[in-house]
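Keep in mind that this is a model prediction, so the values were computed, not measured.
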Amino acid sequence: ALGGVDQFLQVLHPVGAVAVAAVMLDEARVLQHQLDDLAQGQAAGALAQLVDQLLARGASATQITQLVARLSDQLVQRVMTLVSRDLGEPPVPVTWLCFGSEAREEQTLHTDQDNGLWFVAAAEQAESVRQRLLPWAAAVNQALDVLGLSWCAGGIMAGQPACCLSAAEWRQRFFDL
């Protein structure tokens, strides 16, 4: 279940940060087991404790922000699963998009959400599908906010109509830049 975190941390060994990487791996494994609790708001201090321990052992800011971003990705996936369990699966396949610091793997402990939702729908069905997806996406955003990933002041969140777009609408949005 640790796939991404294990792969990330194994890359650190050849760089010469064996002690830091070993601590990061051990701590990340403990934190991984707490993701379910964290996704339910019960272990919010776990990530902060991990970061404190890594800093005390000499981990670099880059190593820590990359790890935080990867753990955040896993947290988002778990929250999406829990929301789907409670509200039902989205009516069409979706892709959760990450922007900003999470996408750049520069995420810190105190960050806001920058995300979107990508779905496939014919042009004439896009608005109908969007209206069905927005409550689900807003529930994910709400849960992430409760867990400490604050609302984006600029409204760049999947639960907002401007960021819940069909594939064609996303293409058009970027072509219009």
**OP:** Could you tell me whether the side chain of L71 reaches within less than 4.5 Å of the side chain of Q74, counting heavy atoms only?
**Re:** yes
Original post:
Short question: side chain of R132, backbone of V92 - any donor-acceptor pair under 3.5 Å?
Top reply: no
**OP:** Answer with yes or no whether the hydrophobic clustering places V94 together with V79; edges join I, L, V, M, F, W, Y residues whose side-chain heavy atoms lie under 4.5 Å apart.
**Re:** yes
Subject >> Donor-acceptor contact below 3.5 Å, side chain S72 vs main chain V68 >> reply: no
Subject >> Rounded distance (nearest 0.5 Å) linking atom OG1 of T62 with atom CG of L67 >> reply: 12.5 Å
Subject >> Interatomic spacing from SG in C164 to CH2 in W118 - rounded to 0.5 Å >> reply: 13.0 Å
Original post:
Any side chain to side chain donor-acceptor pair (under 3.5 Å) pairs touching residues 89-101, not counting sequence neighbours?
Top reply: S101-T111
**OP:** Would you please say whether a donor-acceptor pair under 3.5 Å links the side chains of E169 and S166?
**Re:** yes
Subject >> Side-chain donor/acceptor of Q66 to backbone N/O of E105, under 3.5 Å >> reply: no
Original post:
Out of curiosity, M80 CE to L117 CG, how far, rounded to the nearest 0.5 Å?
Top reply: 7.0 Å
Subject >> Spacing of OG belonging to S60 relative to CG belonging to L55, to within rounding of 0.5 Å >> reply: 9.5 Å
Original post:
Which value, rounded to the nearest 0.5 Å, describes the distance between D112 atom CG and L144 atom CG?
Top reply: 11.5 Å
Original post:
Measuring from R70:CZ to L75:CG, what's the distance to the nearest 0.5 Å?
Top reply: 16.0 Å
Original post:
Would a distance-only check, ignoring hydrogens and angles, find a side-chain to backbone donor-acceptor pair under 3.5 Å from N141 to G159?
Top reply: yes
**OP:** Without swapping roles, check the side chain of W151 against the backbone of Q142 for a donor-acceptor pair under 3.5 Å.
**Re:** no
**OP:** Examine W136 and V76 and state if one hydrophobic cluster contains both, with Ile, Leu, Val, Met, Phe, Trp and Tyr joined whenever side-chain heavy atoms are less than 4.5 Å apart.
**Re:** yes
Original post:
If we only count heavy atoms from C-beta on, is the V120 to P93 side-chain gap below 4.5 Å?
Top reply: no
